[in-house]
Amino acid sequence: MNYSAGNFDVAVIGAGHAGIEAGLAAARLGCKTVVFTINMDAVGNCPCNPSIGGTAKGHLVREIDALGGEMGKTADKCFLQMRMLNRGKGPAVHSLRAQIDRRKYSDEMKHTLELQENLELHQAEVTAIEKADEGYTVITRMQAEYKAKTVIIATGTYLGGRIFVGEISYDSGPDGIFPASFLGQSLKTLGLPLRRFKTGTPARVLKSSIDFSDLEVQEGDEEIVPFSYDTEDLGENKVVCHISWTNDKTKEIILDNIHRSPLYGGEIQGVGPRYCPSLEDKIMRFKDKPRHQLFIEPCGLNTEEMYLQGMSSSLPEEVQLKFYHSIKGLENAVIMRPAYAIEYDCVDPTEMNATLEFKKFPGLYGAGQFNGSSGYEEAAAQGLIAGINAALKVKGKEPLILDRASSYIGTLIDDLVTKGANEPYRMMTSRSEYRLVLRQDNADVRLTPMGREIGLISDKRWEKFNKKQQIKAEELKRISKVVISPTKEVNHILVSRETSEITTGVKLIDLLRRPQLDYKALAPVDTTRPQLDSNIFEQVEIEVKYEGYIEKQLKQVEQMKKLERKLLPTDFDYTQLTGLRLEAQEKLNKIKPLNIGQASRVSGVSPADINVLLIWLSQRK
């Protein structure tokens with residue numbers, strides 16, 4: 001017999017990276033919120049790599065923080081090593097990555113939820129979601145019924161989770177925690193189109209069983225940069241990582257046992273991530289490649305578990321032991337947790353609007369791996385947007401929709417809801433057309449005003465942001481006025497940097513425009529330079545050096561926004577529009593794009609179809 005357990009504005013199913021951001025955002029915006037987790041010890045768990053950020057993912061973390069989310073702050077508290085990736089490339093692809101203490105990260109996130117006003121954190125397996133007179137009824141395995149005006153599904157890899165290790169398979173969530181076994185059928189009954197995806201994780205090995213003596217050491221950065229704009233002092237790097245490589249013996253062992261892989265034996269039906277393949281997948285897909293890199297990374301300060309990044313596998317445990325032992329440094333490695341693959345249920349994200357609300361189910365939202373994405377950062381970004389929009393819906397306010405020109409978050413969500421995900425979606429810098437505008441260094445400039453307007457940015461944070469923008473404007477003004485004279489010291493710096501000498505006074509801003517020069521090189525002769533935060537110098541230098549390219553990209557953004565302003569009706573039957581190809585009619589009816597810009601990105605809609613839509617719109621007016 002079910003019993004009533006309370007009424008809420010927002011119910012969040014799952015307390016992984018998506019569920020955490022969703023719950024916190026909704027509660028902070030004044031909504032009575034409940035967050036469910038299958039196991040209280042799995043809140044904010046990192047079941048795969050013990051890290052936050054990375055290429056493009058670091059952009060997402062910065063954007064989450066700029067909007068008022070939590071991931072960046074907690075990563076800063078729990079970091080073991082910070083590195084800025086892609087420093088040898090342009091600023092558009094610079095991405096921050098933190099090696100973190102995974103247990104501390106989980107504890108910090110759980111405590112943050114526990115302390116949050118308007119939020120209740122419950123350990124319960126949700127078994128059903130049913131439509132109610134106002135919103136939805138969420139039912140748990142203990143037969144408790146929670147009434148909620150809005151519901152956010154953030155089930156990660158728990159929904160119908162099944163573990164595969166060689167010939168062995170069993171129902172389970174990640175890290176040996178039991179799965180959500182009943183909710184999937186309820187969602188199908190409700191009418192959500194579910195499908196199967198899969199992902200995997202490497203083994204964890206005992207630190208004392210690794211021979212580090214001949215391995216390449218990977219240090220953290222000397223100058224440490226935080227994720228959060230609120231973080232004042234990070235402290236120092238606490239660990240180093242190590243690099244090793246597979247070899248011909250590793251390859252031989254895997255090829256000899258490939259028939260025992262559930263991926264190649266046909267036991268796994270789910271589609272895996274293209275950009276994060278298992279080791280056996282790498283060996284099969286790139287047979288000519290002589291070796292593959294792996295990173296040996298600590299999981300925390302108070303554990304001896306080491307993570308083998310790049311070595312995920314679903315081969316039998318005894319085969320794993322053989323191929324790990326074939327690698328330099330791991331000859332005597334003791335496996336503490338074997339590698340495994342996990343298959344799980346997720347939804348077709350094209351069933352959602354850009355708010356992450358389901359088109360056919362008002363008040364029901366999806367976020368994270370449930371939406372077909374992969375990665376902690378992608379999940380957190382969606383959770384934040386779903387939580388914000390659920391709260392705004394409860395309050396009767398206009399939703400938040402981020403476009404592709406505003407953020408990587410906007411790009412991520414637009415890709416999911418417009419193009420769909422035929423495999424686990426991973427964010428990459430190449431997915432954005434506006435990389436030079438959407439840098440991680442300027443995430444606050446782009447998104448903090450939005451976060452303030454929504455209500456997630458405090459007075460203190462807002463004051464700090466505005467002061468920073470004022471200081472930045474003053475620095476731009478200063479370098480436009482300061483003239484550097486052609487002294488011997490100045491020309492020595494120029495020659496040493498392989499750029500031409502000066503014979504007359506030159507403005508500092510013009511010297512900074514030279515590719516060979518930067519703030520650091522000019523420090524000895526820039527005598528009026530104030531003591532400023534390094535992020536301000538970074539933003540000023542990028543804006544000066546790339547001014548022409550940025551202006552060009554901003555023009556492209558404006559052209560895109562013109563198309564975005566040409567709105568399409570959401571209730572139109574495109575089969576009634578003669579001139580559209582049949583495929584375009586079918587795809588447009590499925591996606592129901594909000595505007596011409598979104599319609600142009602729908603797979604199967606051609607430029608000719610867009611012209612038909614534009615003519616039709618002009619005739620309607």
Side-chain angles (χ1 to χ4, degrees), residues 9-29 31 33 35 56-57 59-72 150-156 346-347 349-359 361-395 397-419 421 425 427 431-432 438 443 446-457 564 594 598:
D9 294 319
V10 181
V12 182
I13 302 171
H17 304 282
I20 286 169
E21 297 290 353
L24 289 174
R28 287 168 178 171
L29 292 176
C31 291
T33 303
V35 177
K57 295 169 178 281
H59 290 66
L60 290 174
V61 182
R62 274 284 177 84
E63 291 179 352
I64 291 165
D65 183 74
L67 283 167
E70 197 65 29
M71 177 174 264
T150 59
V151 174
I152 300 168
I153 305 170
T155 46
C346 57
V347 78
T350 61
E351 294 293 317
M352 291 181 283
N353 295 313
T355 59
L356 296 180
E357 182 181 29
F358 284 94
K359 297 168 187 173
F361 302 96
L364 185 64
Y365 297 77
Q369 285 187 268
F370 177 71
N371 289 355
S373 64
S374 72
Y376 311 147
E377 303 81 3
E378 289 89 339
Q382 294 169 68
L384 178 64
I385 300 304
I388 288 170
N389 281 319
L392 293 175
K393 188 178 187 73
V394 168
K395 291 172 170 289
K397 294 183 178 180
E398 285 295 308
L400 172 68
I401 296 178
L402 298 178
D403 63 36
R404 300 180 71 88
S406 72
S407 56
Y408 273 82
I409 298 176
T411 304
L412 160 68
I413 292 173
D414 184 68
D415 279 350
L416 287 172
V417 303
T418 303
K419 301 174 184 177
Y425 178 101
M427 195 69 233
R431 293 194 188 273
S432 173
L438 306 183
R446 294 183 278 113
L447 297 175
T448 297
M450 289 189 200
R452 174 67 176 180
E453 187 177 345
I454 293 162
L456 290 177
I457 299 296
E564 303 276 331
L594 299 176
Q598 187 184 6

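Computed from a predicted structure; not experimentally measured. In this chain, numbering begins with 1 at the start of the sequence shown.
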Run L456 and L67 through side-chain contact (heavy atoms from CB on, under 4.5 Å) and show every step you take.
CA-CA 7 Å; L456 290 177; L67 283 167; 5.6 Å; no

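The side-chain heavy atoms of L438 and H59, taken from C-beta on, include no pair separated by under 4.5 Å. Annotation: side chain of V417 is in contact with side chain of Q598 (closest heavy-atom distance under 4.5 Å). Residues I413 and L356 meet the side-chain proximity criterion, which asks for heavy atoms closer than 4.5 Å. Put simply, the side chain of V347 reaches to within 4.5 Å of the side chain of N371, judged on heavy atoms. Within the 4.5 Å cutoff, the side chain of D65 has no heavy atoms near those of the V61 side chain. No side-chain heavy atom of E21 sits under 4.5 Å from any side-chain heavy atom of I385. Contact annotation: the side chain of R431 approaches that of Y425 to within less than 4.5 Å [non-hydrogen atoms, C-beta and beyond].
Smallest separation of non-hydrogen atoms from I457 and A66: CD1-O, 3.5 Å. The shortest non-hydrogen separation linking A381 to L60 is CB-CD2, 4.4 Å. For the residue pair T411 and M427, the shortest heavy atom distance occurs at CG2-CE, 4.0 Å. When all heavy atoms of M450 and L402 are compared, the pair lying nearest together is SD-CD2, 3.4 Å. Listed here is the closest heavy atom pair of A421 and L416: CB-CD2, 4.1 Å. The minimum heavy-atom distance between G23 and T33, with the atom names listed, is O-CG2, 3.9 Å.
Side-chain atoms of Q382 come within 3.5 Å of backbone N or O of G368 as a donor-acceptor pair. Using modelled atom types, no side-chain atom of N353 and backbone atom of T355 make a donor-acceptor pair closer than 3.5 Å. D414 places no side-chain N or O within 3.5 Å of a backbone atom of G410 that could act as its donor or acceptor partner.
Ionic pairing of E351 and K359 is not present here: no N-O contact between side-chain nitrogen and carboxylate oxygen is shorter than 4.0 angstrom. Under 4.0 Å is where a charged nitrogen must lie from a carboxylate oxygen, and between E63 and R446 at least one such pair does.
Taking CD of E398 as the start and CD1 of I454 as the end, the distance is 12.5 Å to the nearest 0.5 Å. Here the straight-line distance linking atom OG of S374 with atom NZ of K57 works out to 5.0 Å at 0.5 Å rounding. Atom CD of E70 is separated from atom CG of L24 by 6.0 Å, given to the nearest 0.5 angstrom. L364 contributes atom CG, which lies 4.5 Å from atom CD1 of I153 (distance to the nearest 0.5 angstrom). Atom CD1 in I388 sits 11.5 Å away from atom SG in C31 (nearest 0.5 Å). The CG atom of L29 lies 8.0 Å from the NZ atom of K397; values are rounded to the nearest 0.5 Å.
Side chains of E357 and N389: a donor-acceptor N/O pair is absent below 3.5 angstrom, by distance only.
Using the six-membered ring where Trp is involved, F370 and F358 have ring planes that are perpendicular, over 60° apart on the 30 and 60° scheme.
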